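One structure is given here, and the rest of the page talks about it.
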Amino acid sequence: MIGLGEVHRLHLWAAAPGEHTCSCGRPVPGCPFWSRVRDRLAADLGRPDLDLAAFPTCVPKPASGLHRRVPRLLDLLRAAGTGWMWRTAASAAPSVRAEREATRNSLAVFRAVAAVSGRPVLVDSTKDAGRLACLELEAPGLLRVIHQVRDGRAVAASAMRRDGVPMETAARSWRRVNGNLLLVLRRFPAERVIRTRYEDLCASPESEMDRILRFLGAGPARPGAVLRKEEAHIIGGNPMRYRRDETTVAADERWRTELGKEDLGVFERIAGEMNRGFGYS
Ligand SMILES: [Zn+2]
């Protein structure tokens, strides 16, 4: 198994080497791993000059859909489209065509990574329901989903701290993101989805990792396995990937002291039901 981070960012990071570095410490164009992936992609696609910066693995999102009343064609396809509808729409509508190109590029990256790493199981930690739906439309049956949830109150507290938004905004955002994901997950039969809870993973990393690895067909976990950050080539994600001295896993439970009664009441009104559906009380 190999973890890649958020693969949808690959072209963005390749285009801005001064701003972002792979977790190995080098920018994507100078990283030996991603350079090998580029070379393999160039060979696979017969494009010797292929530039990762010009090989989009995602399409920039339009402005927040929070207030959009009329769903876009793309939203409808992701929620209920078939492979035939997806391909037909891509040939007719430029917005769907761009999305399909990014989806196919992502799949080509996965194949190239599998070839250069020799690992049969890849983990893309992009957290985007729309992208997940597009990948399933393009390559039905290929993906398995690790659906990691975290107490929505913790996620909302984090958004309030990071973005300075009120609880109302943070709770609505959490509900919207998770609602979209639950809609897309209906596409996947139960045996291709595993749900894990952030809190369980932090409390018992070995047993949760074992459960995930077995689900992926890559288990069992090796007892006493340690996090070897220096060997990883992760793009995107939490800055802790750079902090080599942090190798233990500890849950961030700041929300329990940060959120007052009023904020908890607002969260409960907006998102309490969904949160309980994930097993949080
Ligand atoms: Zn690297």
Side-chain angles (χ1 to χ4, degrees), residues 1-7 9 22-24 121-129 132 143-163 165 167 170-171 173-175 177-179 181-182 185 190 192-260 263-264 267-268 271-281:
M1 188 176 82
I2 181 169
L4 303 172
E6 299 177 342
V7 175
R9 298 182 193 273
C22 174
S23 62
C24 70
V121 178
L122 282 53
V123 181
D124 176 354
S125 49
T126 303
K127 291 160 269 299
D128 182 332
L132 180 62
L143 271 68
R144 294 186 183 202
V145 182
I146 302 168
H147 179 203
Q148 176 150 308
V149 294
R150 183 180 180 190
D151 194 318
R153 292 166 292 192
V155 179
S158 167
M160 291 164 74
R161 200 185 310 129
R162 186 186 60 235
D163 304 330
V165 294
M167 172 55 95
S173 169
W174 181 83
R175 189 183 64 181
V177 166
N178 283 279
L181 186 58
L182 290 175
L185 285 179
R192 284 206 282 132
V193 182
I194 188 172
R195 183 177 291 165
T196 65
R197 302 198 325 166
Y198 161 85
E199 295 81 0
D200 296 340
L201 191 63
C202 293
S204 334
E206 285 199 14
S207 65
E208 279 298 286
M209 279 306 296
D210 187 66
R211 196 168 72 87
I212 294 168
L213 287 169
R214 288 175 191 274
F215 162 75
L216 295 173
R222 282 172 292 141
V226 290
L227 212 51
R228 290 195 301 267
K229 294 186 186 181
E230 67 283 0
E231 291 178 21
H233 297 280
I234 306 282
I235 48 175
N238 191 297
M240 70 174 64
R241 70 190 182 280
Y242 296 120
R243 299 197 286 264
R244 301 263 160 89
D245 51 335
E246 274 181 32
T247 54
T248 53
V249 179
D252 176 351
E253 297 273 11
R254 279 177 282 176
W255 72 273
R256 292 184 185 277
T257 50
E258 282 178 0
L259 296 182
D263 282 335
L264 288 170
F267 181 88
E268 173 59 30
E273 190 179 340
M274 185 181 281
N275 205 37
R276 279 191 297 281
F278 292 142
Y280 297 106
S281 53

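Note that the coordinates shown come from a computational prediction; the quantities given were computed from them, not determined experimentally. Values reported hereafter were calculated over all heavy atoms of this structure, with side chains retained and with hydrogens, waters and symmetry mates removed.
Shown here for Ser23 and Ala232, the closest heavy-atom pair between the two residues is OG-O, 3.1 Å. Arg214 and Pro220 get closest at one heavy-atom pair: NH2-CB, 3.1 Å. Residues Gly5 and Ile234 share a closest heavy-atom pair of CA-CG2, 3.6 Å. Contact record, Trp255 with Ala154: CD1-CB, 3.3 Å, taken as the closest heavy-atom pair. The shortest heavy-atom contact between Ala271 and Ala171 is CB-O, 4.1 Å. Residues Ala156 and Met167 share a closest heavy-atom pair of CB-SD, 3.7 Å.
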| Can you check salt bridge (Lys or Arg N to Asp or Glu O under 4.0 Å) on Arg276 and Glu268, steps first, answer last? | CA-CA 10 Å; Arg276 279 191 297 281; Glu268 173 59 30; 2.8 Å; yes

| query | Run the side-chain contact (heavy atoms from CB on, under 4.5 Å) check on Met160 and Leu259 step by step: do they pass? | reply | CA-CA 10 Å; Met160 291 164 74; Leu259 296 182; 4.0 Å; yes

| task | Could you walk me through whether Glu199 and Asp151 pass the side-chain contact (heavy atoms from CB on, under 4.5 Å) test, one step at a time? | result | CA-CA 8 Å; Glu199 295 81 0; Asp151 194 318; 3.3 Å; yes

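Considering only heavy atoms from C-beta on, Asp124 stays 4.5 Å or farther from Leu4 through its side chain. Using a 4.5 Å cut-off on side-chain heavy atoms (C-beta onward), Leu132 and Leu181 make contact.
The residues Arg153 and Glu258 are annotated as not salt-bridged, no charged nitrogen and carboxylate oxygen being separated by less than 4.0 angstrom. The pair Glu208-Arg211 meets the salt-bridge criterion, with a side-chain N (NZ, NE, NH1 or NH2) lying under 4.0 Å from an Asp/Glu carboxylate O.
Atom CZ of residue Phe278 and atom CZ of residue Arg195 lie 5.0 Å apart, to the nearest 0.5 angstrom. Atom CZ of Arg192 sits about 9.0 Å away from atom CZ of Phe215, to the nearest 0.5 Å. Considering CG of Leu216 and CG of Leu122, their distance stands at 10.5 Å, rounded to 0.5 Å. Note: Ser158 OG to Asp163 CG = 8.0 Å, rounded to the nearest 0.5 Å.
Between Phe267 and Trp174, the two ring planes are tilted [angle within 30° to 60°].
Between the side chain of Tyr280 and the backbone N or O of Asn275, no donor-acceptor pair lies under 3.5 Å.
If you run side-chain hydrogen bond (donor to acceptor under 3.5 Å, both in side chains) between Thr196 and each of Gln148, His147, Arg150, only Gln148 comes through.
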